[in-house]
Amino acid sequence: MDLTFSEEQDELRKVVRSFLAKHSDEAAVRRLAADPQGHDPVVWRRMAGELGLQGLAVPEEYGGSGFGYVDLGIVFEEAGRALLGGPYFATVALAAEALLRCADEQARHELLPGIASGETVATLALTEDVGRWDEQGIGLTAVRDETGAWQLTGVKTYVPDGHLADLLLVAARTPSGISLLAVETARTPGLTRTPLPTLDQTRKQARIEFRDTPARLLGPEGTAWPALARTLATAAVLLSAEQVGGAAAALDAAVEYAKIREQYGRPIGSFQGIKHKCADMLMDIESARSAAYGGLWALDAGDETEIAIAAALAQAFCSEAFTKVAADNIQVHGGIGFTWEHPAHLYLKRAKSSEVLLGTPSYHRELLAARLGI
Amino acid sequence: MELDFGPAVRDFRDEVRDWLADHLVGEFAEHRGVGGPTDGAAWEVRLAWDRELSAGGWLGVGWPEEYGGRGLGLLEEIVFEYEYARVNAPYRATVNALDLLGPMLLKMGSEAQKKRFLPPILAVEELWGQGFSEPGAGSDLASVRTRAERDGDEWVVSGQKVWTSFGIHADWVYVLTRTDPQSARHKGLSMLLVPTDQPGVEIRPIRNLAGQDEFAEIFLSDARTGADMVVGEVGQGWRTAMATLGIERGTTLLPQQLTFEREAEALIDLARERGALDDPMLRRRIVDAWISVRIMRTTNLRTIAELTAGRTAGAQATTAKLYASTRHQQLGRLATELAGPAGQIVGEDYALDRRQRSFLLALAETIYGGSSEIQRNIIGEQVLGLPKEPRP
Ligand SMILES: Cc1cc2nc3c(=O)[nH]c(=O)nc-3n(C[C@H](O)[C@H](O)[C@H](O)COP(=O)(O)OP(=O)(O)OC[C@H]3O[C@@H](n4cnc5c(N)ncnc54)[C@H](O)[C@@H]3O)c2cc1C
């Protein structure tokens with residue numbers, strides 16, 4: 001049983017942390033937040049070229065380096081800590097996963113190497129105006145024209161980094177069920193992409209309209225839902241790791257401040273009102289860590305039942321933990337924590353947006369209940 | 001989820017399983033899951049069960065052979081505890097000596113003390129109580145006032161200890177005393193081993209809120225013990241006590257948490273029976289209860305994995321007690337709520353069923369072994385490095 005990290009994994013964490021400290025410091029986070037694109041192609045290329053982060057868990061046969069989900073989880077935890085902006089989650093946790101799960105070996109060979117090398121920014125377009133993450137939430141249709149080619153018509157929205165993705169993996173309804181289709185945005189007509197102004201400016205979303213948009217069917221028609229559900233489970237676990245990292249950074253900030261800020265002639269951290277709040281924050285974070293790491297270990301172990309359970313648990317728990325810790329961080333900071341200048345609100349907003357990114361905590365509790373037969 | 005601790009211990013695990021399958025029968029099997037860290041139910045049966053374990057060589061799996069142990073590693077200890085909890089064997093009556101005093105002596109005791117005391121612990125011949133708390137010193141142990149003076153080759157001990165778990169059964173107590181009357185706070189304390197079978201020791205049971213008489217107050221008036229009965233150095237009792245508390249806060253969680261998992265399963269069954277799963281509010285709390293026991297498990301596994309890999313345990317090892325004790329209370333509250341009015345009826349002589357007992361006894365989990373408030377202080381100061389509270 002490998003429930004702790006190896007020295008190599010510690011090393012990976014160190015490398016990623018120091019890379020992000022340089023390239024995703026507060027100034028960079030704010031710059032990307034203010035930029036409608038929210039993407040720094042130079043950093044993106046270095047993430048791929050120097051560290052191989054986009055292809056870390058992509059098998060070698062598809063151009064990646066074949067590491068496991070625990071390794072990838074470390075990267076997401078660090079990305080969350082640094083509030084990394086840009087399409088890393090969309091590309092790696094959603095799109096690469098969807099490709100890996102879909103039953104289309106050829107597409108994997110053609111599309112994954114671009115993701116791994118950092119050339120392709122990709123995302124998964126699943127949610128629509130109703131904002132549901134299940135099969136019933138998918139209404140956009142794909143039809144076959146006279147020549148047998150597929151076309152998409154309808155709207156996807158709340159698509160993470162959909163405004164800039166080179167490759168869209170689109171969940172659509174066909175006469176025989178849910179199917180997955182690929183759209184390369186550079187060469188495809190019939191696409192309108194509108195960035196959505198987001199509460200959390202560190203993660204961009206877009207609305208995408210498809211009008212007779214040519215698309216490539218991935219795998220057999222009508223059979224994509226199980227692969228998509230599994231993709232969402234993986235993404236749920238990776239998002240949980242990201243949430244743990246974000247919460248840990250918020251706690252670090254709170255603790256640092258509690259040590260230096262004085263009131264009544266004492267550091268505020270010596271008062272139990274603050275000290276105990278910080279202790280509870282750590283307890284929430286360590287519990288969330290267990291939830292997220294449990295998911296990562298389940299992913300590497302590959303037991304499908306366990307993955308489904310661990311993923312729902314991780315999202316239900318880590319979402320709330322991050323939001324709570326991020327809000328407590330603002331409280332510990334007092335007035336300064338309520339300002340635009342202070343980074344505390346950036347974490348709170350990231351927490352709030354990631355809480356609903358893949359479905360709310362209540363939704364995940366229901367998934368968990370269903371999976372446990374409760 | 002079945003735990004697998006790897007090929008190295010698979011034979012050992014099978015040996016444990018086989019032995020438990022053969023021996024956890026009859027009266028012992030009828031007492032599955034009975035007892036707890038402060039639950040003295042069915043004491044005699046549990047004592048007999050401990051003797052059965054002792055005869056099988058299962059007490060002190062990780063203790064050196066020269067003191068009657070098996071000399072195996074941490075992994076084997078964990079495997080044993082896990083398998084033990086898996087079959088829901090009775091909670092060991094001698095847990096105080098096995099989990100607290102024994103490790104304390106192994107770490108800080110003299111050779112003579114180890115030779116004298118460890119074998120009888122493993123043979124279930126001597127039972128122990130922990131005499132730290134006093135009426136005026138609970139969370140603030142540095143203010144203990146029980147004093148001990150040297151008189152020739154003996155110590156003479158006077159004072160009052162309180163809340164001693166299973167104190168009414170104790171043949172010996174390890175007592176935190178003040179040996180330097182001029183000293184203040186944690187300086188000048190010493191840890192003494194004191195036999196209870198003497199005129200200077202009086203033990204009175206204290207009835208707890210569940211109606212049990214298991215814990216006790218201990219009155220020491222010129223009680224005597226040998227000069228060689230100091231654990232660690234004279235005047236260094238604070239260090240010894242803190243080491244023991246470190247053990248206390250770490251070890252008891254794994255088997256306990258498997259009990260919590262069983263309670264969560266029982267809770268779900270009860271909810272199903274009662275149709276409570278259709279109530280969305282209750283459903284949510286039930287799912288949360290399940291989530292919290294699963295998180296406790298993973299947290300413990302993280303700590304075990306780190307320790308067996310020779311690493312220092314992470315922060316979760318310190319937050320685990322606070323989490324487990326508070327969540328266990330939530331579980332108990334929910335269970336009694338689901339049981340409804342029928343769950344409010346007890347047997348003759350205030351006989352409680354398992355659910356009622358667990359609900360009530362869980363109230364102690366946020367008090368003993370360092371209260372939740374003290375845990376938060378420890379986490380804040382020792383893990384997060386926040387400034388200490390000003391102390392007079
Ligand atoms: C079932 C049970 C078994 C026990 N077994 C043993 C045993 O075997 N041996 C033994 O020696 N002791 C034992 N204890 C005693 C236990 O360790 C103490 O009860 C515990 O340390 C609390 O001390 P106290 O009861 O004096 O409460 P107090 O210390 O008086 O605490 C009262 C309240 O004040 C809070 N408080 C105290 N100090 C602070 C602070 N600095 N900051 C914030 N809040 C504070 C506490 O958290 C608590 O809520 C047992 C207790 C119980 C309930």
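Numbered from 1 within each chain, the chains take letters A, B, ... in sequence-line order.
B:Thr318 has its side chain out of reach of A:Met283: every pair of non-hydrogen atoms, C-beta onward, lies at least 4.5 Å apart. Side-chain contact between A:Ser270 and B:Lys388: absent, with no pair of heavy atoms (C-beta onward) separated by less than 4.5 Å. The closest side-chain heavy-atom distance from A:Leu313 to B:Trp290 is below 4.5 Å. Between A:Arg266 and B:Pro390, the closest side-chain pair of non-hydrogen atoms falls below 4.5 Å.
Contact of A:Arg289 with chain B is made through backbone and side chain together, with heavy-atom distances under 4.5 Å. In this structure, the portion of A:Leu251 lying under 4.5 Å from any heavy atom of chain B is its side chain and not its backbone. Contact of B:Ile286 with chain A is made through the side chain alone, with heavy-atom distances under 4.5 Å. If you measure heavy-atom distances from A:Glu320 to chain B, the contacts under 4.5 Å come from the side chain alone. Residue contact with chain B, scored on non-hydrogen atoms closer than 4.5 Å, involves the side chain of A:Tyr293 exclusively. Proximity to chain B involves both the backbone and the side chain of A:Leu282, based on heavy atoms less than 4.5 angstrom apart. Using a 4.5 Å cut-off between heavy atoms, A:Ile309 contacts chain B through its side chain alone, with no backbone atom that close. For A:Ala316, the part lying near chain B is the side chain, with the backbone staying farther off; criterion is any non-hydrogen pair under 4.5 Å. In this structure, chain A has a heavy atom under 4.5 Å from the side chain of B:Ala309, while its backbone stays farther away. Only the side chain of B:Leu277 comes within contact range of chain A, with at least one heavy atom under 4.5 Å from a heavy atom of that chain.
Here A:Ser287 contributes atom OG and B:Met296 contributes atom CE; the two are 9.0 Å apart, rounded to the nearest 0.5 Å. Between A:Asp284 atom CG and B:Thr319 atom OG1 the span is 9.5 Å, to the nearest 0.5 Å.
More than 12 heavy atoms of other residues, nucleotides or ligands lie within 6.0 Å of CD in A:Gln136, so this atom counts as buried by the packing criterion. Within a 6.0 Å sphere centred on CD of A:Glu256, heavy atoms belonging to other residues, nucleotides or ligands number 12 at most. Environment of NZ in A:Lys352: sparse, with no more than 12 heavy atoms of neighbouring residues, nucleotides or ligands closer than 6.0 Å. The number of heavy-atom neighbours closer than 6.0 Å to CZ of A:Phe67, taken from other residues, nucleotides and ligands shown, is 12 or below.
No side-chain N or O of B:Arg311 forms a donor-acceptor pair with one of A:Thr4 less than 3.5 Å apart. Side-chain polar atoms of B:Glu389 and A:Gln272 form a donor-acceptor pair below 3.5 angstrom.
When B:Thr308, B:Leu386, B:Ile379, B:Val287 are compared by the number of non-hydrogen pairs under 4.5 Å with chain A, B:Leu386 comes out ahead. By number of non-hydrogen pairs under 4.5 angstrom with chain B, the leading residue of A:Lys277, A:Lys275, A:Glu366 is A:Lys275.
Of the options B:Thr299, B:Thr298, B:Asn300, a side-chain hydrogen bond (donor to acceptor under 3.5 Å, both in side chains) to A:Ser290 is made by B:Thr299 and by none of the others.
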Indicate every side-chain donor-acceptor pair of residues 265-276 of chain B with a distance under 3.5 Å to a residue at least two apart or in another chain.
residue, atom, partner, partner atom, Å
B:Arg272, NH2, A:Gly373, O, 2.7
B:Arg274, NH1, B:Leu338, O, 3.3
B:Arg274, NH1, B:Ala339, O, 2.7

Could you walk me through whether A:Trp297 and B:Arg302 satisfy the side chain to side chain contact (heavy atoms under 4.5 Å, CB included) test, starting with their C-alpha distance in whole Å, then the side-chain angles of each, then the deciding distance to 0.1 Å, before giving a yes or no? CA-CA 11 Å; A:Trp297 287 313; B:Arg302 284 170 62 201; 3.7 Å; yes

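The minimum heavy-atom distance linking B:Leu384 with A:Ala279 is given by the pair CD1-N, 4.1 Å. Nearest heavy-atom pair across A:Lys259 and B:Gly385 is CE-O, 3.1 Å.
Judged purely by atom type and a 3.5 angstrom limit, B:Arg283 has no side-chain atom pairing as donor or acceptor with the backbone of A:Ala369.
For B:Arg294 and A:Glu306, the salt-bridge test passes: some basic side-chain N is under 4.0 Å from an acidic carboxylate O.
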